[in-house]
Amino acid sequence: MTEVSRRSLLAGAAALGAAAAAASLVPPARAAAPAIGKQAAGVYRYKVGQYECTSISDGGRLFPIGDGFVRNASKDQVVAAAEAAYFPKGHLVFPFNPQVINTGSKLVLIDAGYGPGVAPTVGLLPARMAAAGIDPKAIDIVVISHLHVDHILGLRTADGGLQFPNAEVKVPTADWAFWMNDENMGKAQGMLKSFFEATRKSFAGLADKVTKYNDGNEVAPGITAISTPGHTPGHMSFAVASGSSRVLVQSDVTNIPQLFLRNPDWQIVFDMDPNQAVQSRKKFFDMAATEKAMILGYHYPFPAAGYVEKDGAGYRLVPAPWNEVL
Ligand SMILES: [Zn+2]
C-alpha cells in the first residue's frame with residue numbers, strides 16, 4: 001500500500017468514526033445535507049460618490065425582553081412592539097454593523113465590534129473582513145462613535161494584541177474624558193462598571209495611537225463628526241460625503257429601529273442621559289428625513305442601510321434596496 005493511499009484510508013476511517021459518534025448524538029435528519037447552523041459572510045458593498053464602502057456584520061445577539069429595558073414603556077408595550085416586528089416571541093435580536101469606508105487615500109473603519117470571546121454569534125468582524133477582501137492591517141483609521149463595549153472590544157485580538165495594528169484610533173473627546181476618569185469608574189456599579197472595565201481592556205497601552213475629535217471635525221477625508229449626545233456623553237454620528245453624495249452613519253442614535261425609530265421618545269436602558277438622547281434622535285432624524293439621505297445604523301438589520309421617513313409621532317425605516325451594481 002502506498003503512503004498516500006494508506007493515509008487517505010486512515011483519514012476516511014477517522015471521518016467515519018466521527019460521523020458515527022455525531023450520529024449517535026442527534027436525531028436522524030431527513031435530508032442528507034447537514035444543517036450548517038450559522039450565517040455565512042455578512043458583507044454589503046455600497047458607493048458614496050467615489051468612495052467604496054462596506055457594511056459588515058459583526059454578528060448579532062438574541063436576548064429575552066426584560067423589565068426596564070425601556071425606561072418609560074412597560075414590558076408589555078415592548079413585547080407588543082417586538083411582536084409587531086416579528087421578532088422571536090418575547091425576544092429581540094440586536095445586530096452589530098461596523099462600516100468600512102475606502103476614501104481612495106484612507107481605509108477607515110467606523111466602530112470595531114464586540115471582539116473575541118463575548119458570544120459565539122458576535123465578534124465576527126475579522127472573519128467577515130477576510131470574506132470581504134479587507135485586510136485588518138490595511139485599516140488606516142478606526143473611528144469610534146462612543147466607548148460602549150460592542151463598539152470597542154473588537155480593537156483587541158483574543159491574545160490582547162491589536163486587531164488593527166497600523167491604525168490610528170479616533171475617539172470622541174467627551175466620551176474619552178468620561179470613561180477614562182478613574183473617579184467615574186470608582187462610582188460605577190453593575191452594567192456600567194463592566195462598561196468601564198471594557199474601556200480599560202480595549203485601550204490599555206494604546207494612548208500613543210489615540211487621538212480625540214469633536215463635533216464638526218473631519219475624522220477622515222470626507223467623514224465629518226456630528227455630535228449626537230445622550231446615549232453617551234460624547235456619542236457621535238457621521239456624515240460621509242464624496243462628490244454630491246452623502247450618507248449618514250447614525251451609530252446608536254437609535255438602537256433597533258423596529259422599536260426606537262417607531263417610538264423616538266422611548267428611552268432604552270443604555271441611553272445614559274435619556275432626555276438628551278431623545279433630543280439628539282429627533283434632531284438627527286428630522287435632518288435625515290428632510291435630506292432623504294441614506295443612513296447606516298449600527299444596530300439596524302443587516303445590511304444596516306435605509307431611509308428614514310416621518311410617520312405620525314415617529315419615523316419609519318425604508319430599507320435600501322440591495323444593489324449589485326456598484
Ligand atoms: Zn451600540
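Remember, it's 1-based here, ligands and their atoms both numbered in the order they're listed.
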Describe, in one word, how the ring planes of H148 and H231 are oriented to each other, choosing from parallel (under 30°), tilted (30 to 60°) and perpendicular (over 60°). perpendicular
Any chance the rings of F203 and W176 have centres within less than 6.0 Å? yes
Determine, step by step, whether F96 and H299 satisfy the ring pair (Phe, Tyr, Trp, His ring centres under 6.0 Å) criterion, reporting the C-alpha distance in whole Å, the side-chain angles of both residues, the deciding distance to 0.1 Å, and the verdict. CA-CA 5 Å; F96 307 90; H299 299 293; 5.3 Å; yes
Measure from the Zn ion (ligand 1) to each N, O or S atom of H151 and report whether any distance is below 2.8 Å. yes
Looking at D252, pick out the N, O or S atom nearest to the Zn ion (ligand 1) and give its name. OD2
Answer yes or no for H146: is there an N/O/S atom below the 2.8 Å cut-off from the Zn ion (ligand 1)? no
Compute whether any side-chain donor of one residue and acceptor of the other, for S55 and N97, lie under 3.5 angstrom apart. no
Closest approach to the Zn ion (ligand 1) by D150, given as the N, O or S atom name: OD2
Looking only at N, O or S atoms in H299, which is nearest to the Zn ion (ligand 1)? NE2
T254 and Y300: side-chain donor and acceptor closer than 3.5 Å? yes
